[in-house]
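Below: the structure, in structure tokens.
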There are 2 protein chains.
Amino acid sequence: MKSAPQSSAPGSNARASGGKAVVVRGLMHGLLRGHWRGGDRIAEIQAAERFDVSRTPVREALLELAGLGVVELRRNCGAVFLPFGPKELRDIYAVRSLLEEEATRLATNRIDPELLVQLHGGLVMLRETQAEDSGWRLDRRLHSVIAAASGNPRLAGEIARYGDLVQSVREVVSDTLRHIHSTSTADHLRILEELQACSPEAAAAAMKAHLAQAADSAVAALEAAGTGTREV
Amino acid sequence: MKSAPQSSAPGSNARASGGKAVVVRGLMHGLLRGHWRGGDRIAEIQAAERFDVSRTPVREALLELAGLGVVELRRNCGAVFLPFGPKELRDIYAVRSLLEEEATRLATNRIDPELLVQLHGGLVMLRETQAEDSGWRLDRRLHSVIAAASGNPRLAGEIARYGDLVQSVREVVSDTLRHIHSTSTADHLRILEELQACSPEAAAAAMKAHLAQAADSAVAALEAAGTGTREV
DNA sequence: ACCTTACGGATTGCATACAATTTGTCAACC
DNA sequence: GGTTGACAAATTGTATGCAATCCGTAAGGT
């Protein structure tokens with residue numbers, strides 16, 4: 001069945017936001033919304049018709065998703081979705097927390113104090129103005145700055161990769177994920193304070209607590225969004 | 001050079017050993033051996049001629065290397081190598097150690113004791129027969145089993161990814177990396193003993209020590225192999 | 001003289017055609 | 001009747017051609 005109710009909503013103007021990116025988002029969307037389930041095979045030509053592109057961007061999208069750990073590629077045997085339910089999302093946050101805790105530890109005593117002041121000011125302003133729409137920008141910037149201050153670009157790269165992955169999930173289930181930014185501002189302030197106090201373990205613990213709460217919110221949103229998401 | 005006719009006439013089966021894998025290994029080899037340096041742009045068509053393939057497998061190879069964090073892709077701006085010297089290799093091992101320590105912690109009290117006995121027997125047999133040629137198989141199997149026993153497939157997947165990355169490095173610099181397996185057997189036995197004793201922190205510490213030694217060996221081999229490898 | 005803008009070359013991104021491999025099916029054989 | 005072999009359909013991997021985009025250059029206007 002390929003009734004394609006959503007295939008390139010803007011009609012033939014899908015090139016506007018790029019071909020591969022559309023396929024990546026579309027496949028991710030379908031997986032999170034339960035249109036596909038873990039273990040399902042992805043036929044390249046069907047996906048190409050589904051998104052109104054050729055097989056080339058589909059193949060590249062599958063390679064990108066394989067790099068993100070969302071699909072699995074088998075030589076000459078096609079691609080299959082990996083399961084992606086609450087359990088998998090918690091696993092993702094577990095790895096992310098591991099990476100970011102270590103980055104926070106390493107960033108202590110290395111991060112530029114001026115950056116801390118700058119981020120702190122931004123958070124306070126955000127809390128006062130209640131500008132929730134742009135909160136995610138400051139959120140990602142904070143995590144990015146801490147990761148970069150770890151002195152390990154490889155670690156920072158992995159953190160960025162997981163940030164992108166979580167961002168992709170957020171974009172799909174964003175309808176029920178608007179409220180978390182206000183609550184996470186307090187967590188962010190706590191992390192910055194511990195960094196200013198040069199307490200590596202306390203800062204890492206604050207980061208861990210922050211991500212634990214973020215994981216709870218994300219899992220709740222996923223369960224609310226993926227109506228039919230049932231894992232094997 | 002490439003005066004190879006490549007007679008791409010549809011009738012000629014000049015495919016050497018063709019494909020994406022060759023390009024991936026070739027680019028990795030060139031980067032580790034210093035033929036390319038961090039920051040160098042990769043022109044798709046040049047790489048295609050260099051490896052006697054078309055642009056398609058080159059593009060897919062670049063996507064795969066981007067997933068491994070070896071190159072960086074920029075929209076409509078080509079791909080550039082990321083630096084890969086001793087510092088970067090140590091960063092890789094730092095992340096790998098972080099992941100495998102956590103997996104070891106989680107695997108304690110979860111791993112099947114029978115697997116431990118089986119791995120232990122294999123290691124003892126390996127130590128007695130001095131069969132160094134097949135040591136890396138048991139090495140990878142041990143790490144894989146521990147990762148799988150963590151109960152977090154996402155974590156296990158990241159560990160496998162880093163195992164593949166390190167394996168790629170080993171294949172390039174293997175000439176000077178033959179001796180490490182005998183030394184690492186003792187480390188492996190130590191890890192298994194701590195797992196059998198159900199001591200999460202001790203097992204994680206043993207894994208950390210093992211990977212620290214592996215990192216030293218790998219960095220030494222890279223410095224010996226990459227004659228002209230100089231980072232910015 | 002400096003800045004703006006139009007053009008040319010080169011490179012990436014996508015679409016399509018072909019070759020190679022895998023998988024499913026059916027018939028012949030043990 | 002079960003198993004194995006080959007054949008056919010489908011799918012993946014690769015090659016090539018074309019369109020879109022970006023960078024460098026040079027000409028023209030203020």
Side-chain angles (χ1 to χ4, degrees), chain A residues 1-2 4 7-27 30 36 39-68 70-82, chain B residues 2-27 30 36 39-68 70-82:
Chain A
M1 54 182 70
K2 63 193 73 169
S7 92
S8 63
S12 61
N13 199 8
R15 311 291 183 277
S17 61
K20 181 179 68 173
V22 170
V23 179
V24 170
R25 293 176 198 278
L27 290 176
W36 288 291
D40 287 354
R41 269 189 65 167
I42 309 165
E44 294 177 358
I45 188 154
Q46 290 181 10
E49 291 175 356
R50 171 78 174 73
F51 297 107
D52 200 9
V53 294
S54 78
R55 281 178 50 214
T56 306
V58 171
R59 286 179 64 83
E60 300 196 348
L62 289 176
L63 277 167
E64 187 169 322
L65 288 174
L68 287 173
V70 174
V71 305
E72 188 183 21
L73 269 55
R74 274 130 61 169
R75 273 196 13 161
N76 295 324
C77 295
V80 297
F81 280 106
L82 293 174
Chain B
K2 172 299 158 184
S3 58
Q6 169 163 5
S7 42
S8 39
S12 98
N13 275 344
R15 292 186 56 208
S17 59
K20 177 179 66 175
V22 170
V23 180
V24 171
R25 293 174 199 278
L27 290 176
W36 288 291
D40 287 354
R41 267 190 66 168
I42 309 165
E44 293 177 1
I45 187 150
Q46 291 181 10
E49 293 175 355
R50 169 77 177 73
F51 297 107
D52 202 8
V53 294
S54 79
R55 282 177 48 212
T56 306
V58 171
R59 286 178 65 83
E60 299 198 348
L62 289 176
L63 276 166
E64 186 170 321
L65 289 174
L68 287 173
V70 174
V71 305
E72 188 183 22
L73 270 56
R74 274 128 61 167
R75 276 199 9 162
N76 294 324
C77 294
V80 298
F81 280 106
L82 294 174

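Inter-residue side-chain proximity for A:Glu44 and A:Leu62 is flagged as met; some heavy-atom pair is nearer than 4.5 Å. A:Phe81 is listed as a side-chain neighbour of A:Ile42, based on a closest heavy-atom distance under 4.5 Å.
Taking CD1 from B:Ile45 and CZ from B:Arg50, the interatomic distance works out to 15.5 Å, rounded to the nearest 0.5 Å.
For D:dA15, one of the phosphate oxygens OP1 or OP2 lies less than 4.0 angstrom from a side-chain nitrogen or oxygen of B:Ser54.
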(request) Run the numbers on B:Val71 and B:Val80 for side-chain contact (heavy atoms from CB on, under 4.5 Å), then give the verdict. (result) CA-CA 6 Å; B:Val71 305; B:Val80 298; over 6 Å; no
(request) Might you work through the side-chain contact (heavy atoms from CB on, under 4.5 Å) test for A:Leu65 and A:Val24, ending with a clear yes or no? (result) CA-CA 7 Å; A:Leu65 288 174; A:Val24 170; 3.9 Å; yes
Protein-nucleic acid N or O pairs under 3.5 Å, nucleotides 10-13 of chain C:
unit_1	atom_1	unit_2	atom_2	d
C:dG13	OP1	B:Asn76	N	3.1
C:dG13	OP2	B:Arg59	NH1	2.9
C:dG13	OP2	B:Arg59	NH2	3.2
C:dG13	N7	B:Arg55	NH2	2.9
C:dG13	O6	B:Arg55	NH1	3.2

